[in-house]
2 protein chains.
Amino acid sequence: MDGDRISAGGGKVTLQRLAVELGLSTATVSLALRDSPVVAEETRLRVQDVARARGYVANRGAASLRTARTNIIGVGLHDIINPSFTELLAALEEALSAAGKTVLLGVGQEDVTRQTRILGTLAEYRPDAFIVSPAAGTGVDDLRALAISGIAVVQVTREVEGSGFDFAGSDDVTGVSLAVSHLVALGHRRIAMIGGFDAASTGRRRLEGYQAGLAAHGLAYDPTLWASGRGTREHGRLAVEALLRLPDPPTAAVCFNDLCAFGALMGIQAAGLTAGADFSIVGYDDIGEAALWHPALTTVFTRIPEYGVAAAKLALARIADPQRPMERTVLEPHLVVRASTGPAKSAKHRAG
Amino acid sequence: MDGDRISAGGGKVTLQRLAVELGLSTATVSLALRDSPVVAEETRLRVQDVARARGYVANRGAASLRTARTNIIGVGLHDIINPSFTELLAALEEALSAAGKTVLLGVGQEDVTRQTRILGTLAEYRPDAFIVSPAAGTGVDDLRALAISGIAVVQVTREVEGSGFDFAGSDDVTGVSLAVSHLVALGHRRIAMIGGFDAASTGRRRLEGYQAGLAAHGLAYDPTLWASGRGTREHGRLAVEALLRLPDPPTAAVCFNDLCAFGALMGIQAAGLTAGADFSIVGYDDIGEAALWHPALTTVFTRIPEYGVAAAKLALARIADPQRPMERTVLEPHLVVRASTGPAKSAKHRAG
DNA sequence: GACGTGGATTAAATCGTTTAGCATGAGGCT
DNA sequence: AGCCTCATGCTAAACGATTTAATCCACGTC
């Protein structure tokens, strides 16, 4: 009933097939489908109608072979359960998909070997760019290897110093020192830092911010108050418990990230103390969950969604012009005061 | 110093180039790289050495053109900020990448139109399979369109009834009725349901579980106690506040998911009540955050990581054999009792 | 009627791989 | 010597699109 022109027609529907059916060349069909001005209006409409009726779906793999452009962006993160990376991924996906790009996802799990394998696989799909938050310990050469076939590389959140690739992230030194200043203003003098490790740029910078914050108020840096480690709930909890057992325990802590801080809040509660009153905690990132904790977490908003979008923009710009000078987008973080911090109790104030 | 054989050599390194350099045909090189037994051991090693030295990276797009296999799996979710979907995505990614597949990600944002566009774009990359959690309101035809060019389709979490595609998820009817029974056992008689809507299979099933749970204990279903809506923190909070304002308020609620439940916990606290003592809340999914709330959330563990892996397996199986009979993997959920539920206060017990 | 003009279409090359089928040559066997 | 087999490698044809340069054709102009 619905015409013989739109018959079932067996196999896959390709440009070839459409061309034959329309009595045109593949060249014309290809141009018509992409709204080229050189093909006559009438022809264009006819082609597009038939393509739609036939359920034609372009094979972008084939097209990419010719055009050397895939519209794929390889995104390499080391963790996606951590909500801060989830929020980043969501921002990246949205910005890229709005620009007609599609995300090919690889998760490296904070392991350079695995990361190398995963990114190597992604590279086989010839993404137009990589957006990477490199695993701790990633070297300049690991990243260079990605760029070897002319793929743009953008770093996000973390960076490999001296790699020379674009970067979008937050000013971690300033961020953590804001946190420290807040605690000092509340009267705290023994302030710990929980989480962070040397192999990641974020670890180094946040430690630097911690030290800078202390120094700015004339406080000495005491290495026993730095509970180095990964940014997990587990580490946060264990670390705060260890700190509380010290002979001269701190009264407050800044954390490497919010996850750590949540763990610390749990540890404090488990020790029978009340966060905000007995011990102050500042998180880092301000993920969605932070506002919902009990007590709500005082933290530093690093503007993850914004720098996610910035990273996407950097990638698009570099794809458009591979020769452009290296660019760094570093956002200024904001302190968000909630209920997990409060005035220092009248603990004995040590000199220094 | 390191030999003239490994010279810089300009442009992209392709099979062609390797073949020329080696004095072999592309056929031999291709076979050698894939460890085909028809090429001599010695040749194979020589080829692989040179390939490595040259930094050869196969172009999988080109290969796929020939083999009609991309090793890409299109994953379409409607939300990735929601931790339950993040956990799902992580499980999918891990299982697929272990099987040599790569995830091409699309986020539909609970909007059928957008979902159609996104999945259409993914389809252009000719994934070997789609794993989809369809947006509410998705019809059988929307899904069929995906399968049209022979791409395997697997549904996860949610399903479009009657679509005939494989499915992996949790038994929602049983799950919610477990939650209801738990509350009944604690003495609750007026039990609300927060969240869920008719356009998603999960919404229908969980409502059904709620009703079945009530019926199993001879309790009547009261439509004013179903606060239909999306599974968000916002909805959970508003819903519980509305329920508390009812002339004859409930003493407990089961929720569509954990996010809803978190919102409800906030609402209860904001109303000056204590969850677990004054009002009981049961969540759904048991995402990581659930154990950390204050009070820790009683919830139903739907085994998301397990059915994520199951979905990946179904996809791989269907790729291997497109003719195999449709399969549904439906896991039995477990109740996880924590602190957000407790005995009903001696409120007036209504008959019925 | 020759010729230029310009709009519409097409032929053919190309991208980088895979694979069916064929070619070659060295032994082994009768 | 003649024939077969086996191991190895090669030729050439796909796969499905894009793009450049060429062709075709109708029309107006002088």
**Report entry** Heavy-atom check, side chain of Val57(B) versus side chain of Glu124(A), under 4.5 Å
**Finding:** yes
Requested in this report: For Leu22(B) and dG9(D), give me the distance from atom CG to atom C1', rounded to whole Å.
Outcome: 13 Å
Report task. Measure from the side chain of Arg34(B), starting at C-beta and using heavy atoms only, and say which of dT17(C), dA11(C), dT19(C) lies closest. Result -> dT19(C)
Query raised in the report: Toward the 5' end of DNA chain D, which comes first, Arg126(B) or Val39(B), by nearest nucleotide?
Result: Val39(B)
Report summary line: When rounded to whole Å, the CG to P distance for the pair Leu18(A) and dT9(C) reads 16 Å
Query raised in the report: Under 4.0 Å between a side-chain N/O of Thr28(B) and OP1 or OP2 of dC10(D), yes or no?
Result: yes
**Report entry** Pair Arg158(B) + Glu110(B): basic N to acidic O under 4.0 Å
**Finding:** yes
Query raised in the report: Taking only side-chain nitrogens and oxygens of Thr26(A), does any of them come within less than 4.0 Å of OP1 or OP2 of dA17(D)?
Result: no
Report summary line: Numerically ordered, the residues 57-68 of chain B set in heavy-atom contact under 4.0 Å with DNA chain D is Leu65(B), Arg66(B)
Query - Separation of atom CD in Gln16(B) from atom C1' in dA13(C), rounded to whole Å - result: 14 Å
Query raised in the report: Which whole-number value in Å describes the distance from Arg44(B) CZ to dA7(D) C1'?
Result: 15 Å
Query raised in the report: Please give, in whole Å, the distance from dC15(C) C1' to Glu124(A) CD?
Result: 17 Å
**Report entry** Salt-bridge criterion met for Asp166(B) and Arg318(B) (N-O under 4.0 Å)
**Finding:** yes
**Report entry** N or O in side chain of Tyr56(B) less than 4.0 angstrom from dT17(C) OP1/OP2
**Finding:** yes
Requested in this report: Please confirm whether the backbone N or O of Asn71(B) pairs with a side-chain atom of Arg60(B), one donor and one acceptor, at under 3.5 Å?
Outcome: no
Query raised in the report: Do Thr121(A) and Arg117(A) have a side chain donor and acceptor closer than 3.5 Å?
Result: no
Report task. Check every strand shown and say whether Ala40(B) touches a base, only sugar-phosphate, or nothing at a heavy-atom separation below 4.0 Å. Result -> sugar-phosphate
Query raised in the report: Do the side-chain N or O atoms of Ser25(A) get closer than 4.0 angstrom to the phosphate oxygens (OP1, OP2) of dA11(C)?
Result: no
Report task. Give a yes or no on whether Glu161(A) atom CD has more than 12 heavy-atom contacts from other residues, nucleotides or ligands under 6.0 Å away. Result -> yes
Query raised in the report: What is the distance, rounded to the nearest whole Å, between atom CG of Leu31(A) and atom P of dA21(D)?
Result: 14 Å
Query raised in the report: Can a salt bridge be assigned to the pair Asp49(A) and Arg52(A) using a cut-off of 4.0 Å between side-chain N and carboxylate O?
Result: yes
Report summary line: Rounded to whole Å, the CG-P distance (Leu24(A) to dA17(D)) equals 15 Å
Report summary line: To the nearest angstrom, the CD-C1' distance between Glu42(A) and dG7(C) comes to 14 Å
